[in-house]
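Each remark here refers to the structure printed beneath this line.
Every heavy atom of this structure was used, including side-chain atoms; hydrogens, water molecules and symmetry mates were not.
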Amino acid sequence: MRTLKILLVALALGAIPLAAAARQQPTLTQVVDKIVAQEQAEMQSLRQYFPIVETYIQILRPNKEQGAATHGDKYFLGRADLANGVELKPLLTGTHTKHNLFGGLGRIFSIEFLPRGFLQMIYLDNNGFDRQHYKFNYVGREFLGEVRCLVFDVDPTSKDDKGRFVGRIWVEDQDYHIVRFNGGYGSRSKTSYYFNFDSWRTNTGKNEWLPAFIYSEEVDSRAVETFKAQTRLWGYAPDHARDEQELSKVLVETPMAVKDQTEIANDYSPLQAKRAWGRQAEDNIATKLEQLGLMAPYGEVDKVLETVINNLEVTNNLDLQPAVRCRVLMTSTLESFTMGHTIVLSRGLVDVLPDEASLAAILAHELGHVVLGHRMGTQFAFFNRLRFDEKETFRHFGFTRTPEEEQAATQQGMELLSRSPYKDQPGNAPLFLQALRNRSKETPNLVSPHLGNSVATSWTIASAVPSAQPSAEKPEAVVIAALPLGGRIKVEPWNNQLQMLKSKPAGGVAKDEKMAFEVTPFFVYLTRQGNNLAKEAASAVSVKSDTDTSIPDTKP
């Protein structure tokens with residue numbers, strides 16, 4: 001009997017911590033209040049930022065073979081002014097925004113795509129996101145990448161309340177930031193039309209989750225035409241990484257005077273001075289574009305491109321001075337050009353290339369310009385030439401070549417390829433270039449350059465490789481001529497750093513999954529940056545209802 005009493009006492013004492021822990025678990029109402037408070041704080045925090053906003057839209061028309069085929073596109077690029085709500089200042093001019101979207105009687109009307117409307121999708125509701133205006137229904141838990149989330153269905157409390165968000169939200173379970181919301185703004189009117197969208201935020205390492213990617217579409221079986229769109233935001237703090245690096249450097253001045261070693265030649269010859277002057281112009285342009293958020297900082301992707309350039313140079317016994325460098329524009333449009341000895345490719349172009357041989361074909365063309373001495377003007381070596389408003393950027397800079405220079409660079413690029421490691425492995429380069437030409441009429445805004453020549457019309461390197469037929473090792477059904485947009489590069493919206501995607505093989509690819517140059521949904525692998533990674537090992541948040549009835553855990 002004595003032993004039994006001791007056992008009962010031990011069990012009772014062991015239950016005390018469990019009961020205390022249960023009392024500390026937040027109720028559903030408390031969690032919702034924290035979500036609302038955090039979202040309101042997030043909206044206030046966003047007012048300090050002025051990110052770049054890019055929206056690319058593909059208009060679709062029903063097709064018997066493909067289900068839906070692209071037959072038009074729209075492109076917007078601007079600077080958001082979040083301090084004044086949802087304001088967007090265009091960086092490109094002359095873009096048409098109106099398009100007939102509906103058939104039947106709708107043909108007498110046209111829909112105008114408003115870039116500001118796509119930017120609005122970074123907010124659930126910028127006018128009253130609280131429990132007074134919304135109902136929250138807890139669904140369960142789900143991982144988005146490495147981030148554990150609480151999932152809620154959200155509906156307006158009043159069905160007549162127009163423009164309120166209707167859909168689902170994902171809330172990270174540490175500080176209750178909303179990291180994803182999927183749905184639309186309900187109660188459409190005769191004069192306004194809201195699109196369905198899927199909006200994602202990414203972590204910056206400062207306990208901030210900033211809007212980064214938005215996929216939107218409108219698919220209506222009654223409509224003759226529909227559309228798909230990607231909106232990307234970046235450039236929240238493009239100077240952040242560089243400033244931190246500079247401030248972290250420790251500079252130590254030696255007490256001894258620096259001795260001039262006269263036996264070493266330090267002076268520049270006239271030829272070296274000319275090269276240095278040209279390099280300064282290249283550096284000035286690259287720095288200016290990087291400051292504006294239009295060019296990515298030098299990093300991993302640039303090194304990949306330079307590896308291919310090195311392969312071309314070594315096998316062709318080239319010794320180019322100054323050394324050829326590569327940089328990447330942040331934009332989705334497909335273009336490439338040279339600035340002296342600097343080769344520039346857009347992120348969108350690198351995204352859609354199917355393999356290394358195709359990349360080599362494109363870089364060989366640009367390297368041909370360098371080998372032939374097609375230089376740019378050196379007026380930008382003067383720093384005062386870089387003092388202009390950013391809305392003048394695409395009118396201020398221009399790196400187009402004459403048709404004669406393009407033809408000569410194509411011929412030179414073919415010769416470089418014929419002596420390169422890629423001569424016996426053409427890959428899908430011919431198929432890529434052919435697909436690009438075929439799609440240029442359907443997606444004119446995607447292939448229209450902003451700074452250089454048109455990709456679709458200037459490249460004829462396809463004739464340098466044997467044929468535009470699928471490789472014998474691969475059945476035609478699995479040959480991919482081009483990847484969809486976003487197929488290779490991951491963008492860090494905070495500091496514009498680019499990384500190559502590390503995705504798992506997708507396995508067999510069906511004919512309707514090739515999606516060359518297409519807009520596709522985002523599905524972001526979320527992570528916590530910096531010191532927040534250590535917190536991810538903490539236990540999951542348990543949510544209890546106000547009546548102390550446990551909400552089922554629905555972890556995947």
Query - Side chain proximity check, Y525 to E146, heavy atoms < 4.5 angstrom - result: yes
Looking at every non-hydrogen atom in both residues, tell me the closest pair between [X] and [Y] and how far apart they are.
X    : Y    : result
A409 : H365 : CB-O, 3.7 Å
A212 : T202 : CB-OG1, 3.8 Å
L46  : P211 : CD2-CD, 3.6 Å
G487 : L483 : O-CD1, 4.1 Å

According to the ring pair (Phe, Tyr, Trp, His ring centres under 6.0 Å) rule, which pairs have a member within [range], sequence neighbours left out?
range            : value
residues 268-288 : W277-F382
residues 278-325 : none
residues 312-351 : F337-F399
residues 433-455 : Y75-H450, F394-H450

Query raised in the report: Are the side chain of H374 and the backbone of E366 linked by a donor-acceptor contact shorter than 3.5 Å?
Result: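 Judged by distance alone, no pair lies under 3.5 Å.
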Is it true that [X] and [Y] make a salt bridge, defined as a side-chain N closer than 4.0 Å to a carboxylate O?
X    : Y    : answer
D198 : R180 : yes
K303 : E300 : no
D283 : R279 : no
E282 : R327 : no

How many angstroms lie between [atom1] in [X] and [atom2] in [Y], if you round to the nearest 0.5 Å?
X    : Y    : atom1 : atom2 : value
T338 : N453 : OG1   : CG    : 9.0 Å
L88  : L114 : CG    : CG    : 10.5 Å
I489 : Q499 : CD1   : CD    : 10.5 Å

The criterion is side-chain hydrogen bond (donor to acceptor under 3.5 Å, both in side chains); which residues satisfy it with [X], sequence neighbours excluded?
X    : result
N317 : none
E172 : R528
Q379 : none
E390 : R79

Query raised in the report: Within 45° of the ring axis of F50 and under 6.0 Å from its six-membered ring centre, is that where the NZ or CZ of K89 lies?
Result: no
Report summary line: So salt bridge (charged side-chain N to carboxylate O under 4.0 Å, His left out) across residues 485-499, not counting sequence neighbours, yields none
Query raised in the report: So, Q230 versus S332: side-chain donor-acceptor pair below 3.5 Å or not?
Result: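 Note: Q230 and S332 side chains miss the donor-acceptor criterion.
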Query raised in the report: For Y215, what residues pass the ring pair (Phe, Tyr, Trp, His ring centres under 6.0 Å) criterion, not counting sequence neighbours?
Result: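 None.
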Report task. Name all residues meeting the ring pair (Phe, Tyr, Trp, His ring centres under 6.0 Å) criterion together with F522; count only those two or more places apart in sequence or in a different chain, and write none if there are none. Result ->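 Applying ring pair (Phe, Tyr, Trp, His ring centres under 6.0 Å) to F522 gives F213.
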Report summary line: Taken in chain and number order and not counting sequence neighbours, the residues that satisfy side chain to side chain contact (heavy atoms under 4.5 Å, CB included) with S199 are F181, F197, I214
Requested in this report: Step by step, work out the side chain to side chain donor-acceptor pair (under 3.5 Å) result for N311 and Y422.
Outcome: CA-CA 9 Å; N311 293 340; Y422 309 100; 3.0 Å; yes
Query - E335: which of L446, L451, L349 passes side chain to side chain contact (heavy atoms under 4.5 Å, CB included) - result: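 Among the candidates, only L451 passes.
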